[in-house]
Each structure stands twice: as C-alpha cells, then as structure tokens.
Amino acid sequence: MSDDADATDEDVLDSLFSTIEARQRDLPEGSYTASLFTHEKGENAVLEKLGEESTELILAAKDDDHEELLHESADFVYHLLVLLAMKDLSVDDLRTELEARF
Ligand SMILES: N=c1c2ncn([C@@H]3O[C@H](COP(=O)(O)OP(=O)(O)OP(=O)(O)O)[C@@H](O)[C@H]3O)c2ncn1[C@@H]1O[C@H](COP(=O)(O)O)[C@@H](O)[C@H]1O
C-alpha cells in the first residue's frame, strides 16, 4: 500500500487511482508508475504492457490457474488505470460508464 492514499475509508480502486495521479504529478524517482508517464516510447509503453498482461491473463484462464488469473487481472487493471490517467480520464469516468449500462 502506498503512502499517497489511504484505502481505509476509500475504495481500493479510488486509492490506487489517486496514487497513480500523484505519481503522474510528482514523477518521483524510482517509481514504476512515474516511469510509464515519462517513457521514451510514450503511451506505447503502457499500451504494450496492457497487451502483455491481457495475454498472460488469457493464458492463466486457459490453465484454470485462479491465483495467476487474479494476479494478472490486478496487473491489467493497474495498467488500465494508468492509461486512463494518461488520457485525462478517471476511475470515476469508468464507474459512470459501467453504471450507465445497468
Ligand atoms: N498496482 C501496481 C502494480 N501492478 C503491477 N505493477 C508493476 O507492473 C509491472 C508488471 O510488469 P511485468 O508483468 O513485466 O512484471 P513482472 O514482475 O514480470 O510481472 P509478472 O510476470 O509477475 O506478471 C511490474 O513492474 C509491477 O511492479 C504495479 N506497480 C505499481 N502498482 C501500484 O502503484 C503504486 C505506486 O507504485 P510505484 O509507482 O512503484 O511507486 C503501488 O503502491 C501499487 O499500489
């Protein structure tokens, strides 16, 4: 858990997204998240990670490996949130889109 956001009173997705926004703003050294925002490949860095993570997620599902499926799902969701931040979208925008489908 990061120091930037307290998940006690907040949904974990909100806390994670707040941390991602803080990394985007402050670009601290040694932060993997910050490195995605400053990568020489630009947005392709996170897009490539999403491609890799989705492949790993599919392989875990095909293997019926629940632990690995959860691990890869978390990797995918994290990188998806980084992409949303990069595109000036937020986890609330995602929530709104999902709610509109009910
Ligand atoms: N949730 C994540 C998160 N999920 C995945 N990753 C990173 O995403 C990368 C995934 O790439 P790879 O799959 O190639 O890495 P890997 O270690 O080979 O992964 P697997 O093979 O295990 O899937 C790894 O470097 C992970 O550390 C994450 N990095 C950061 N976060 C969150 O972001 C916060 C800020 O982190 P920093 O930016 O590092 O300060 C952290 O507190 C976490 O809450």
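All ligand and atom numbering here is 1-based and tracks the order in the structure. Heads up: numbering here begins at 1 and tracks the sequence.
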Close-contact set for ligand 1 against [X] heavy atoms, below 4.0 Å:
{"X": "H79", "answer": "8 (O), 10 (C)"}
{"X": "E53", "answer": "10 (C), 11 (O), 12 (P), 13 (O)"}
{"X": "E56", "answer": "23 (O)"}
{"X": "D75", "answer": "4 (N), 5 (C), 23 (O)"}
{"X": "E72", "answer": "23 (O)"}

Quick one: side-chain contact (heavy atoms from CB on, under 4.5 Å) partners of E52, sequence neighbours excluded? K49
Looking only at heavy atoms, which two atoms of [X] and [Y] are closest? And how far apart?
{"X": "L36", "Y": "M86", "value": "O-CE, 3.4 Å"}
{"X": "A85", "Y": "F37", "value": "CB-CZ, 4.0 Å"}
{"X": "A34", "Y": "L27", "value": "CB-CA, 3.8 Å"}

4.5 Å side-chain heavy-atom contact, T33 and V82: yes
Close side-chain approach of K87 to E43, heavy-atom, < 4.5 Å: yes
Pair T96, D93: side-chain N/O donor-acceptor within cut-off below 3.5 Å: no
Heavy-atom distances under 4.0 Å are what count here, so tell me which part of Y32 touches ligand 1: side chain, backbone, both or neither. both
Tell me the contacting part of L16 for ligand 1: side chain, backbone, both, or neither, using a 4.0 Å heavy-atom threshold, strictly below. side chain
Does any N or O of ligand 1 fall below 3.5 Å from an N or O anywhere on T33, backbone included? yes
Atom 12 (P) of ligand 1: which of E48, E52, K49 has the nearest heavy atom? K49
